Every structure is written in structure tokens, then in C-alpha cells.
Number of protein chains: 2
Amino acid sequence: MRDTPRPEFELDAFMPYLLNQAAEHVSLGFAATYKAEYGLTRTQWRVMANLGRFGAMSAVEICRISHIEKTRVSRAVGVLERDGYLTRTRASDDRRREDLALTEAGRAVFAALCARGQAYQAEMAARIGPQNFAALEQGLRALIVAYGETVATDD
Amino acid sequence: MRDTPRPEFELDAFMPYLLNQAAEHVSLGFAATYKAEYGLTRTQWRVMANLGRFGAMSAVEICRISHIEKTRVSRAVGVLERDGYLTRTRASDDRRREDLALTEAGRAVFAALCARGQAYQAEMAARIGPQNFAALEQGLRALIVAYGETVATDD
DNA sequence: TTGACATAGTTGCATTTGCAACAAATAACA
DNA sequence: TGTTATTTGTTGCAAATGCAACTATGTCAA
């Protein structure tokens with residue numbers, strides 16, 4: 001059912017396309033894990049991962065680091081707090097700010113998912129081979145450095 | 001505002017994270033273009049790009065190629081038709097199917113965006129350097145081959 | 001032919017999202 | 001000070017999304 005191909009534009013050589021396609025494939029696999037196991041959404045896991053990796057910080061800081069939208073972070077934090085994975089504390093020096101920190105339970109989940117993530121990544125490296133994996137990492141880092149200021153968190 | 005770092009898990013060396021981060025940076029840039037210029041959403045552009053690149057096909061085929069959800073394609077097609085960018089024709093051999101094809105206007109928009117895309121990509125290659133660009137492409141292709149069957153379309 | 005099953009596409013509905021508007025606190029500075 | 005701008009975080013609302021149910025059409029085989 002295809003005709004009129006348009007060779008001038010190689011969609012499949014278009015970097016944004018490749019990037020999204022790859023990201024989608026890879027993310028879905030890991031997302032399935034934290035979703036099935038802990039009922040976490042993507043955003044929730046992202047917030048959690050940042051707190052787990054970098055320690056307590058405010059919502060805005062999470063936004064800056066992860067490039068997740070304000071509102072989304074706000075709502076994810078609400079859920080994570082309700083579920084006992086993190087606590088919010090009004091900052092004493094600036095009462096607009098809330099310091100977010102993982103609870104014991106939150107850290108436990110984070111640790112468990114870290115292990116899963118490591119395994120996932122190892123399997124991925126095995127699938128595409130160490131050379132491709134290295135190439136990929138190099139390219140991605142270059143991109144992130146070139147495009148974004150600080151880096152962030154994702155699944 | 002950071003403490004308690006957890007060196008065991010290098011979030012910033014976690015491939016799904018890098019991938020998403022990079023994809024997000026890059027996509028947003030191009031998305032801004034087709035959104036501002038033609039009011040297209042991401043999905044609409046994806047549908048359009050597939051039709052533009054591969055020629056007329058049915059909605060299901062677009063789903064298969066792009067991994068976009070059925071419903072989403074259906075709705076994007078509705079809008080694109082309303083806006084005069086594509087036509088749907090009941091297939092004569094199977095009246096369940098609709099053959100989708102870009103109109104003249106649709107092809108014009110596609111062509112214009114292709115040019116933008118090419119420029120965008122060139123600028124990106126320049127930013128990160130040809131070596132990194134090549135490495136990235138190699139890695140991404142390996143990934144897509146390893147993980148997904150057919151490839152798709154993205155911004 | 002009939003009946004069971006598969007496929008293309010749409011629609012209903014609950015959830016998630018983004019954006020703009022907002023309240024509260026703080027900063028800046030005339 | 002008083003006044004104006006910024007920053008943090010939340011909420012309202014409309015749009016986008018995913019999933020399941022549904023219609024219409026086709027296929028296969030008894």
C-alpha cells in the first residue's frame with residue numbers, strides 16, 4: 001500500500017526520529033518494571049530517582065535538573081508523599097520552598113529499582129554489543145552537553 | 001540543597017536516562033517549529049511525515065510503522081483531513097480500510113518541514129561534531145535494530 | 001449458508017498533560 | 001519604607017492520551 005516515495009527526505013536518517021524511536025523502545029522496557037512492581041508512573045520514578053541519586057532538594061531544583069514541567073512535578077510529589085515515599089519540609093530559610101526527601105520506604109524502592117536498572121542496562125549492552133554501546137554513550141553525552149545545561153533523570 | 005549522594009547508582013550513566021534526555025532536548029527544538037508554523041501536534045506531524053515519506057497507506061500501516069497508538073492516529077487523521085492536509089478514500093478491495101494520502105497542501109507543508117528538518121539536523125551535527133554525530137547514529141541504529149522490528153517516525 | 005473469529009477504524013470515558021492564572025513569600029531598590 | 005518584580009508551589013480548565021467497547025467488514029471452514 002505504498003507509493004510515491006520521496007527519497008529527498010530520509011525520515012529514517014533523521015536524527016530526532018532515530019532518537020525518539022530508540023528512546024521509546026528502551027524506555028518502555030524499563031517502565032514496565034517500575035509500573036508493574038510499584039505502580040509508579042514515569043514522572044514519579046523520575047522524581048524519585050533524582051532524590052535518590054542526588055539527595056534532598058526542592059521541587060524547582062528537580063525541574064531544573066530533569067526538565068520536567070512544574071505542574072507535573074508538583075503532582076508527582078503529591079502522590080509520592082501520599083504513598084509514603086517522600087516527605088516535604090518547609091524550608092526554614094525560605095518559607096516558599098519545600099525540601100523533598102525520600103523516606104526509608106522510598107529509598108528502599110529506589111535501591112531495588114537501581115538494581116533492576118543496572119541489570120536492564122547490562123542486558124542492553126549485551127544486545128547491541130559493547131562497541132555500539134560505547135558509541136551511543138559518547139554521542140548522547142555530546143548531545144546533552146551541547147544542548148542542555150545540566151542533565152536530568154529519565155526512566 | 002543537596003546531600004546524601006548515592007554513588008552506587010550513576011543515574012547520569014544510565015542509558016534510558018541519557019536517551020530520554022537527549023531525545024527530549026532535540027525533539028523540543030524541532031517540535032517548536034512545526035507547532036509554531038503550522039499548528040501541528042507531534043502526532044500529526046508524525047502521521048504526515050510517514051505519508052510524505054512513504055506515500056499513501058492506511059491508518060493501521062501507520063500504526064505498524066510508527067508505533068503510534070491506534071486511537072491517536074485516528075484522531076490525528078481526523079484533524080489533518082479537516083485542515084485539508086490529507087484525504088481518506090475507502091479502499092475498493094476492502095471497504096474497512098481507508099487509504100490516506102497527502103493533498104497538495106499537505107505535501108507542501110511536508111516539503112517545507114523537510115527542509116527545516118534537514119537544516120536542524122545539520123546544525124545539530126555541527127554542534128556536536130561529525131564524529132559524535134556518526135557515533136550517535138551508529139549506536140541508535142544498533143539499538144533500534146536490536147529492540148524494535150520495523151522503524152517509525154518522530155519529530 | 002451459517003457461525004466463529006480477525007481486522008479497520010471510531011467512540012466513550014477516566015486519567016494525564018500543559019498552560020495560564022493564582023497565592024504566598026521574598027528580593028530589589030527607588 | 002513602599003512599590004514592583006521574582007520565585008515557589010498549587011489549581012482550573014481545556015486538550016491530549018490510553019484502554020476497552022463497539023460497528024462494520026472480511027475470512028475461514030464446517
Side-chain angles (χ1 to χ4, degrees), chain A residues 1-2 20 24 27-28 31-32 34-36 39-47 50-51 56-83 86-101 154-155, chain B residues 1-2 20 23-24 27-28 31-32 34-36 38-48 50-51 56-83 86-101 152 154-155:
Chain A
M1 189 52 40
R2 291 178 184 175
N20 274 106
E24 194 169 318
S27 286
L28 286 185
Y34 55 65
K35 190 172 184 178
L40 294 174
T41 67
R42 179 191 163 89
T43 305
Q44 287 159 213
W45 157 245
R46 297 225 276 166
V47 167
N50 274 100
L51 289 174
M57 65 177 103
S58 73
V60 196
E61 272 182 293
I62 294 182
C63 290
R64 271 200 281 270
I65 295 183
S66 65
H67 297 165
I68 308 177
E69 215 258 334
K70 225 180 166 188
T71 313
R72 233 156 119 191
V73 170
S74 174
R75 282 163 177 149
V77 165
V79 174
L80 289 173
E81 185 194 29
R82 166 170 64 68
D83 294 352
L86 64 74
T87 56
R88 7 162 62 144
T89 320
R90 211 85 223 165
S92 48
D93 58 322
D94 182 341
R95 287 188 340 223
R96 288 172 301 187
R97 213 180 56 223
E98 280 176 340
D99 288 321
L100 308 172
D154 261 278
D155 24 359
Chain B
M1 190 54 36
R2 291 179 183 175
N20 275 106
E24 195 170 318
S27 288
L28 286 185
Y34 55 66
K35 191 172 184 180
Y38 302 99
L40 294 174
T41 67
R42 180 193 164 88
T43 304
Q44 286 159 213
W45 158 244
R46 298 225 276 166
V47 167
M48 203 164 189
N50 275 99
L51 290 174
M57 65 177 104
S58 73
V60 196
E61 273 183 291
I62 294 182
C63 290
R64 270 200 282 271
I65 295 182
S66 66
H67 296 165
I68 306 178
E69 217 257 334
K70 222 181 169 188
T71 313
R72 231 156 122 190
V73 170
S74 173
R75 282 164 178 151
V77 166
V79 174
L80 290 173
E81 186 195 26
R82 166 170 62 71
D83 294 352
L86 64 76
T87 57
R88 6 163 60 147
T89 321
R90 259 305 154 215
S92 48
D93 58 321
D94 182 341
R95 288 189 339 225
R96 288 172 301 185
R97 213 181 57 222
E98 280 176 339
D99 288 321
L100 309 172
D154 261 276
D155 25 356

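Chain letters run A, B, ... following the sequence lines, proteins first, then strands; residues in each count from 1. Bear in mind the structure is a predicted one, so any value in this text is a computation, not a measurement.
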Practice item. Return the set of residues passing side chain to side chain donor-acceptor pair (under 3.5 Å) with B:E98 (not counting sequence neighbours), or none when no residue passes. Key: B:R88
Study note, to complete from the structure: DNA chain C nearest-nucleotide lookup for A:T43 and A:R95: closer to the 5′ end is A:T43
Review point. Counting only side-chain N and O atoms of B:R72, is one of them less than 4.0 Å from OP1 or OP2 of D:dG18?
Key: yes
Check your understanding: Got B:R75 and B:T43 here, is their nearest side-chain heavy-atom distance under 4.5 Å?
Key -> no
**Study point:** d(CG, B:D93; P, D:dA24) in whole Å
**Key:** 20 Å
Practice item. Look only at the side chain of B:R90 and the backbone of B:R96, and say whether a donor-acceptor pair between them is shorter than 3.5 Å. Key: yes
Review point. Which nucleotides of nucleotides 6-16 of chain C have their base under 4.0 Å from a protein heavy atom (B), which only their sugar-phosphate (S), and which neither (-), written as one string 5' to 3'?
Key: BBSBBBBB---
Review point. In Å and rounded to the nearest 0.5 Å, what is the CZ to OG1 distance from A:R72 to A:T41?
Key: 8.5 Å
Point to revise | Whole-Å distance separating the CZ atom of A:R46 from the C1' atom of C:dT17 | key: 13 Å
**Study point:** Candidate list B:T87, B:I62, B:N50, B:T89, test side-chain contact (heavy atoms from CB on, under 4.5 Å), partner B:L100, passing option
**Key:** B:I62
Point to revise | Spacing between A:E69 atom CD and D:dA15 atom P, to the nearest angstrom | key: 17 Å
Point to revise | Exam field: side chain A:S74 to backbone A:K70, donor-acceptor pair closer than 3.5 Å | key: no
